[in-house]
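Questions regarding the structure given below will be posed in turn.
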Amino acid sequence: MDKKRILIIDLMHESIVPLLEALGFEVDYKPRITKKEVLAGIKAYTGLIVRSKMAVDAALLANAPQLKFVARAGAGIDQLDVNELEKRQIAIINAPEGNRDALGEHALGMLLCLANNINVGDLMVRQRVWDREGHRGFEIKGKTVALIGYGQMGSAFAEKLSGLSCDVIAYDKYKKGFSSNYAREVSMDEIFDSADILSLHIPLTEETRDMVDAAYFSKFRKPIVVLNTSRGEILSLNGLLDMIEAKRIKSAALDVLENEKLHLMTKAQKEVFERLILFDKVLLTPHVGGWTFESYERINHVLVEKIARLTL
């Protein structure tokens, strides 16, 4: 019988090929492959492993009669046509367990940076300005940190917060009964009423696209700090900026943007971005939450363990 074949179309940690070969797969590691080449050759493969290079859509799947699974090297599956994959009974695998701790640590780092004005203070000292009072921070102890979404990423952040003596509350539309030593399950009304700090941990879907906008922020009883380490398209930057100017948002840390290909931004996106970077109370990182040396390798082990459990 022919070997089962897997095509890998994105850069992965070098451990991926031997791990899959140990399961008996023939592995084609082609991180520089083009969409045209994928479409031409995908018919020969049992499995496809992707990161963020291209969408796995109906056109691609129409050329993949033998495909049994698509594995996403990461947490989000917004680039996968879930309906089409389910219709074709193709298994979907992702690996949030692989980078949950890295994401939780990054979110905590961003929050600590905002709380203590670390990024701004560093820049000022480099400019020979020694301003202690102007960079006085606030303590996370005693604050209420509200999490929207309590999957692998939300729960990891809650765990990292556990030593800071803050009240961690969480809302998840699709989960119930998840209260633990790390977080307390609450309603959205309690989130709006109690939050000092809001952290987003939800996937990008049609339901969540632009969900967090000015109208959403206006429901909070008091000014808040905002963190987004999920997907940029969930949070309206216009709404965020309007609320910063209205002093309804104290500061924000964004690891993701609506369009992360900065050189390909539309005119409207450029205008918002130029407005965004004027605020020193906005902290930006280039989608590196969850992107550590350790998680890069750990994701491979999670994917391979899940692939091994499939009946092919």
Side-chain angles (χ1 to χ4, degrees), residues 102-148 154 156-170 182-183 190-201 212-214 216-230 232 235-257 262 271-289 292:
L103 185 286
E105 289 184 12
H106 188 83
L108 179 58
M110 295 186 91
L111 177 56
L112 289 167
C113 189
L114 288 179
N116 295 284
N117 296 304
I118 292 171
N119 58 320
V120 182
D122 173 76
L123 288 172
M124 296 305 292
V125 172
R126 290 171 189 271
Q127 295 171 30
R128 310 297 192 271
V129 177
W130 193 268
D131 179 10
R132 294 184 70 206
E133 184 57 34
H135 297 97
R136 189 188 292 271
F138 67 87
E139 295 179 14
I140 298 167
K141 179 179 180 178
K143 302 296 190 297
T144 297
V145 182
L147 313 178
I148 307 299
F157 186 36
E159 291 166 16
K160 307 308 177 192
L161 289 165
S162 62
L164 298 182
S165 301
C166 54
D167 182 24
V168 182
I169 59 177
Y182 300 115
E190 186 165 345
I191 296 277
F192 291 137
D193 187 61
S194 302
D196 296 297
I197 298 157
L198 175 72
S199 189
L200 303 174
H201 300 278
V212 182
D213 56 10
Y216 184 94
F217 287 129
S218 69
K219 297 178 183 178
F220 286 85
R221 182 176 62 84
K222 52 189 172 181
I224 57 172
V225 173
V226 177
L227 310 177
N228 188 14
T229 55
S230 54
L235 187 154
S236 163
L237 290 183
N238 274 319
L240 177 77
L241 291 166
D242 287 346
M243 292 294 103
I244 289 174
E245 290 173 345
K247 302 189 184 306
R248 297 294 301 155
I249 291 177
K250 294 179 177 180
S251 57
L254 309 176
D255 184 50
V256 288
L257 294 175
L262 303 184
E271 289 175 355
V272 173
F273 184 72
E274 292 300 323
R275 185 177 160 208
L276 183 73
I277 61 177
L278 292 175
F279 289 93
D280 59 15
K281 61 181 64 178
V282 175
L283 174 65
L284 301 167
T285 55
H287 203 151
V288 290
T292 61

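Each residue takes its place number in the sequence, starting with 1.
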From CG (Leu200) to OG (Ser230), nearest 0.5 Å
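Here the rounded value is 5.0 Å.
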Test side-chain contact (heavy atoms from CB on, under 4.5 Å) on Phe157 and Thr229; report intermediate values, then the result.
CA-CA 10 Å; Phe157 186 36; Thr229 55; over 6 Å; no
Testing the basics here: between Ala195 and Ile224, what is the closest heavy-atom pair and its distance to 0.1 Å?
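Distance-wise, the nearest heavy atoms are O-CG2, 3.4 Å.
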Point-to-point distance, once rounded to the nearest 0.5 Å, from CG of Asn238 to CG of Leu276:
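Between atom CG of Asn238 and atom CG of Leu276 there are 10.0 Å.
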Decide side-chain contact (heavy atoms from CB on, under 4.5 Å) for Phe217 and Leu240; before the verdict, give the C-alpha distance in whole Å, the side-chain angles of both, and the deciding distance to 0.1 Å.
CA-CA 8 Å; Phe217 287 129; Leu240 177 77; 4.2 Å; yes
Would you say the side-chain atoms of Asp280 pair up with the backbone N or O of Val120, donor to acceptor, closer than 3.5 Å?
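Absent.
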Can you tell if the side chain of Leu103 reaches within under 4.5 Å of the side chain of His201, non-hydrogen atoms only?
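Yes, close enough: below the 4.5 Å cut-off.
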What's the shortest heavy-atom distance between Ser194 and Thr144, and which atoms?
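Looking at all heavy atoms of both residues, the closest pair is O-CB, 3.4 Å.
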Distance check, rounded to the nearest 0.5 Å: Asn228 atom CG versus Leu198 atom CG?
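Answer for the CG-CG pair, Asn228 versus Leu198, is 9.0 Å.
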Give a yes or no on whether the backbone of His287 and the side-chain of Asp255 come within a donor-acceptor separation of less than 3.5 Å.
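It does hold such a pair.
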For residues Leu257 and Leu262, determine if any side-chain heavy atom of one lies less than 4.5 Å from a side-chain heavy atom of the other.
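When only atoms from C-beta onward are counted, Leu262 and Leu257 do touch, with a gap below 4.5 Å.
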Quick one: pull up CG in Asp131 and CG in Asn117 and give me the separation to the nearest 0.5 Å.
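Taking CG in Asp131 and CG in Asn117, the distance rounds to 10.0 Å.
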Residue of the set Arg275, Lys247, Arg248 for which salt bridge (charged side-chain N to carboxylate O under 4.0 Å, His left out) holds with Asp242:
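Of Arg275, Lys247, Arg248, salt bridge (charged side-chain N to carboxylate O under 4.0 Å, His left out) with Asp242 is met by Arg275 alone.
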Give me each pair satisfying side-chain hydrogen bond (donor to acceptor under 3.5 Å, both in side chains) with a member in residues 134-143, each pair once, sequence neighbours excluded.
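Counting only pairs at least two positions apart or across chains, the side-chain hydrogen bond (donor to acceptor under 3.5 Å, both in side chains) contacts touching residues 134-143 are Glu133-Arg136.
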For Gly239 versus Ser236, what's the shortest heavy-atom pair and its separation?
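Heavy atoms only, the tightest pair is N-OG, 3.0 Å.
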Donor-acceptor under 3.5 Å (Arg221 side chain, Lys219 main chain):
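It does not hold such a pair.
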Please name the pair of heavy atoms, one in Leu147 and one in Gly154, separated by the smallest distance, quoted to 0.1 Å.
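Scanning both residues completely, I find the closest heavy atoms to be CD1-O, 3.4 Å.
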Does atom CZ of Phe220 have more than 12 heavy-atom neighbours from other groups under 6.0 Å away?
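Counting other residues, nucleotides and ligands, CZ of Phe220 exceeds 12 neighbours.
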Looking at every heavy atom in both Ala158 and Val168, which two are closest together, and how far apart are they?
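Between these two residues, the closest heavy atoms are CB-CG1, 4.1 Å.
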Centroid separation Tyr216 to Phe192 less than 6.0 Å:
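Judged by ring-centre distance (under 6.0 Å), Tyr216 and Phe192 do meet the cut-off.
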Sequence neighbours left out, what passes side-chain contact (heavy atoms from CB on, under 4.5 Å) with Val125? Give chain and number order.
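So Val125 forms a side-chain contact (heavy atoms from CB on, under 4.5 Å) with Trp130.
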Which residues pass the side-chain contact (heavy atoms from CB on, under 4.5 Å) test with Thr292, not counting sequence neighbours?
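Here the qualifying residues are Ala102, Glu294, Ser295.
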State, yes or no, whether a side-chain contact exists between Phe279 and Leu241 at a heavy-atom distance under 4.5 Å.
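A side-chain contact under 4.5 Å exists here.
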Give, for atom OG1 of Thr285 and atom CE of Met110, the distance between the pair rounded to the nearest 0.5 Å.
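Between Thr285 OG1 and Met110 CE, I get 3.5 Å after rounding to 0.5 Å.
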Going through the distances and angles, do Lys250 and Lys281 end up as a side-chain contact (heavy atoms from CB on, under 4.5 Å)?
CA-CA 7 Å; Lys250 294 179 177 180; Lys281 61 181 64 178; over 6 Å; no
Rounded to the nearest 0.5 Å, how far does CG of Leu112 lie from CG of Leu164?
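Reported to 0.5 Å precision, the distance equals 6.5 Å.
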Which pair of non-hydrogen atoms, one from Ala107 and one from Leu227, has the smallest distance, and what is that distance?
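Looking at all heavy atoms of both residues, the shortest contact is O-CD1, 4.0 Å.
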Apply the test side-chain contact (heavy atoms from CB on, under 4.5 Å) to residues Leu235 and Val256: give CA-CA distance (whole Å), side-chain angles for both, the deciding distance (0.1 Å), then the verdict.
CA-CA 9 Å; Leu235 187 154; Val256 288; over 6 Å; no
